[in-house]
Amino acid sequence: MFRISSDLIPFGSSAAMDLAWPEHFAADLERIGEKIRSSGLRVSMHPGQYTVINSPDPEVARRAALDLEYHNLPLDSLRLGPEHKIILHLGGVYGDKDTAKERFIKRWQDLSPAIRSRLVIENDDRLFTIRDVFDVSSRTGIPVVYDNLHNAINPADTSRPDLDWINLAADTSRPDLDWINLAADTWQPADGRQKIHYSQQDPDKRPGAHSSTIAVLPFLDFYEKLPDIDIMLEVKDKNLSALKCINCISNRGISALEAEWGRYKYSVLEHAPAAYQAVRQLLKDKRSYPAIEMYLLIEIALAKEVQLGSAVTAAQHVWGYFCKQASPAEKSRWETALKKYINGAASLGSVKSVLQKLAFKYDEDYLNYSYYFEL
DNA sequence: CACCGTCAAGTCGCA
DNA sequence: TGCGACTTGACGGTG
């Protein structure tokens, strides 16, 4: 799966956009679309929370419908079928949820068939619960994407109206799996595989904020109960977590872990030299597949503060790729940057920036694909 | 060059 | 009534 950014086409949703970009980029779109189709990739687009089709203001609703057209156009231009989805929340409440749901359904009926065939609806983190979403789905047939974190923050009311608040608190939500199984029935063959959103709470941020990375143990605990469906992660480090989870739920061979370690190693080294050594030991047995252990060590290491000494060591490891071929000017730039960092006059980022430019210039792909410059 | 503010979108909740 | 939070990226100004 791949989530296409809403910023794909600059000014794409603006009234000022009069470029015939689908024609202009026809050859590229054809090539990319063919790659998506032949590889079995499923792409999707996620309009922001500002796309509100159920607003009482008809002008807001009109612009929201145009925004959905804007999101549909790239998918149509790639010649992708209706299993490539557009994911939408229900919108605002305006003091009366039932009326707001009715208005969503009415506005949905006026959308073009192409958009309606792509649309899926998701529970949000403060207004419409998964139960509200099922309510709308049962009357429209729109497939439901269940979001576990949103349901934890904004749980569906599973109580009877006569239950008092104490009992309600004790039985505030059904298990994720119940909702996921219910959502399965809303997906038709033309919609492709059922998809859910999975994310974890960032411990230091407001409720509902996504974590920086997916913690592997809670993910596996969640995953082992699931039927065979698609899971889209919502997480700051994006594909890093996706690859982590894939590597932990399937044996992709020790070489896949070694490749991952190659990308993580300098970051781990600057946070925790002991963990760096531990992972090296762990990967020595070439018949093993210690994915979970490796990612746990990486998670623990990256959660620690960067130490100046180990950050210098890691940077010097990276500098080792260039020390022979670098020009005198480059050598002096590196030494100055490192000295300033050690004296507290510059950030670690400025040292890495010097190294990243060298990696690009000298075509060191081992470093160009390293997470050292990202984490 | 790091850092911070600003911009676009619509709604809701809290001063 | 007005402001901040939500989200995402680019971009401009400051020191």
Side-chain angles (χ1 to χ4, degrees), chain A residues 2-17 43-72 74 86-101 103-104 107 121-129 132 145 147 149-154 197 199 201-202 204-212 232-239 306 311 315 329-330 332-358 360 373-374:
Chain A
F2 184 78
R3 173 172 170 166
I4 298 178
S5 167
S6 295
D7 292 337
L8 181 69
I9 311 296
F11 290 94
S13 62
S14 164
M17 166 57 79
V43 300
S44 56
M45 295 198 75
H46 299 220
Q49 67 269 59
Y50 308 105
T51 303
V52 182
I53 67 167
N54 79 334
S55 173
D57 182 341
E59 189 50 28
V60 169
R62 188 187 67 84
R63 288 198 299 268
L66 285 178
D67 199 37
L68 292 178
E69 296 283 356
Y70 156 70
H71 281 90
N72 187 52
I86 296 173
I87 290 149
L88 195 62
H89 293 295
L90 292 187
V93 167
Y94 314 96
D96 179 358
K97 219 182 225 188
D98 288 333
T99 310
K101 286 183 207 168
R103 205 164 39 236
F104 179 93
R107 296 267 168 69
I121 46 179
E122 178 189 351
N123 55 316
D124 67 70
D125 60 350
R126 60 194 185 112
L127 301 174
F128 291 99
T129 67
D132 297 318
V145 163
D147 185 305
L149 184 59
H150 289 167
N151 189 57
I153 306 298
N154 181 27
H197 283 174
S199 57
Q201 173 68 46
D202 187 308
D204 302 323
K205 297 197 186 139
R206 51 121 201 144
H210 295 146
S211 60
S212 58
M232 175 161 277
L233 305 179
E234 295 188 309
V235 60
K236 293 295 171 201
D237 70 0
K238 299 186 172 77
N239 51 310
V306 172
E330 286 163 349
S332 125
R333 209 172 307 147
W334 147 254
E335 284 169 351
T336 308
L338 189 68
K339 225 174 277 170
K340 279 178 84 171
Y341 169 60
I342 292 170
N343 295 336
S347 70
L348 181 55
S350 59
V351 177
K352 289 192 182 188
S353 166
V354 169
L355 292 170
Q356 188 170 25
K357 286 195 184 78
L358 290 169
F360 184 75
F373 302 117
E374 319 294 331

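Sequence lines set the chain letters: A, B, ... in the order given, protein chains first and strands last, and positions in each chain run from 1. Because only heavy atoms are used, hydrogens play no part in the values below, and waters and symmetry mates are left out as well, while side chains stay in. These figures come from a predicted structure and were not determined experimentally.
A sub-4.0 Å separation between OP1 or OP2 of B:dT11 and a side-chain N or O of A:Tyr94 is present.
If A:Glu59 and A:Val351 are placed on DNA chain B by their nearest nucleotide, the residue sitting closer to the 5' end is A:Val351. Residue-to-nucleotide proximity on DNA chain C shows that, of A:Ser5 and A:Asp125, the 5′-proximal contact is made by A:Asp125.
Among the heavy atoms of the strands, none lies under 4.0 Å from A:Gly48. Within 4.0 Å of A:Lys236, counting heavy atoms only, lie sugar-phosphate atoms of the nucleic acid but no base atom. Contact annotation for A:Ser55: backbone-only contact, meaning every heavy-atom pair under 4.0 Å involves sugar-phosphate atoms and none involves a base. Within the 4.0 angstrom heavy-atom criterion, no nucleotide atom of any strand lies near A:Gly91. Among the atoms of the strands shown, base atoms are found under 4.0 Å from some heavy atom of A:Arg126.
Note: OH (A:Tyr50) to P (B:dC12) measures 13 Å, nearest angstrom. Summarising the geometry, the separation between CD1 on A:Ile53 and C1' on B:dA9 is reported as 16 Å, rounded to the nearest angstrom. Nucleotide B:dT11 holds its P atom 7 Å from the CG atom of A:Asp57, rounded to whole Å. With rounding to whole Å, A:Lys352 atom NZ is found 16 Å from B:dC1 atom P. Atom-to-atom, CD of A:Gln356 to C1' of B:dC1 comes out at 14 Å; the value is rounded to the nearest Å. For the pair A:Asp67 CG and B:dT11 P, the interatomic distance rounds to 13 Å; values are reported in whole Å. Between the CZ atom of A:Arg63 and the C1' atom of B:dA8 there is a distance of 11 Å, rounded to whole Å. In this structure, CG of A:Asp124 is placed 15 Å from C1' of B:dG13, rounded to the nearest angstrom.
Listed nucleotides: B:dG10, B:dC1, B:dA2. Nearest to the side chain of A:Lys357: B:dC1.
Checked by atom type and distance alone, the side chain of A:Gln201 pairs as donor or acceptor with a backbone atom of A:Arg206 at under 3.5 Å. Looking only at distances, a side-chain donor or acceptor of A:Asn123 sits under 3.5 Å from a matching main-chain atom of A:Asp147. A:Arg107 contributes a side-chain N or O that, together with a main-chain N or O of A:Ser55, makes up a donor-acceptor pair within less than 3.5 Å.
Heavy-atom contacts of chain A under 4.0 Å fall on DNA chain C between two terminal nucleotides, which in 5' to 3' order are C:dC6 to C:dG9.
Within a 6.0 Å sphere centred on CZ of A:Phe360, other residues, nucleotides and ligands contribute 12 heavy atoms or fewer.
Residues A:Glu234 and A:Arg3 are paired through a salt bridge, judged by an N-O separation under 4.0 Å between the basic side chain and the carboxylate. Between A:Arg63 and A:Glu59 there is a salt bridge, since at least one side-chain N of the basic residue sits less than 4.0 Å from a carboxylate O of the acidic one.
A:Ser350 places none of its side-chain heavy atoms less than 4.5 Å from the side chain of A:Lys340.
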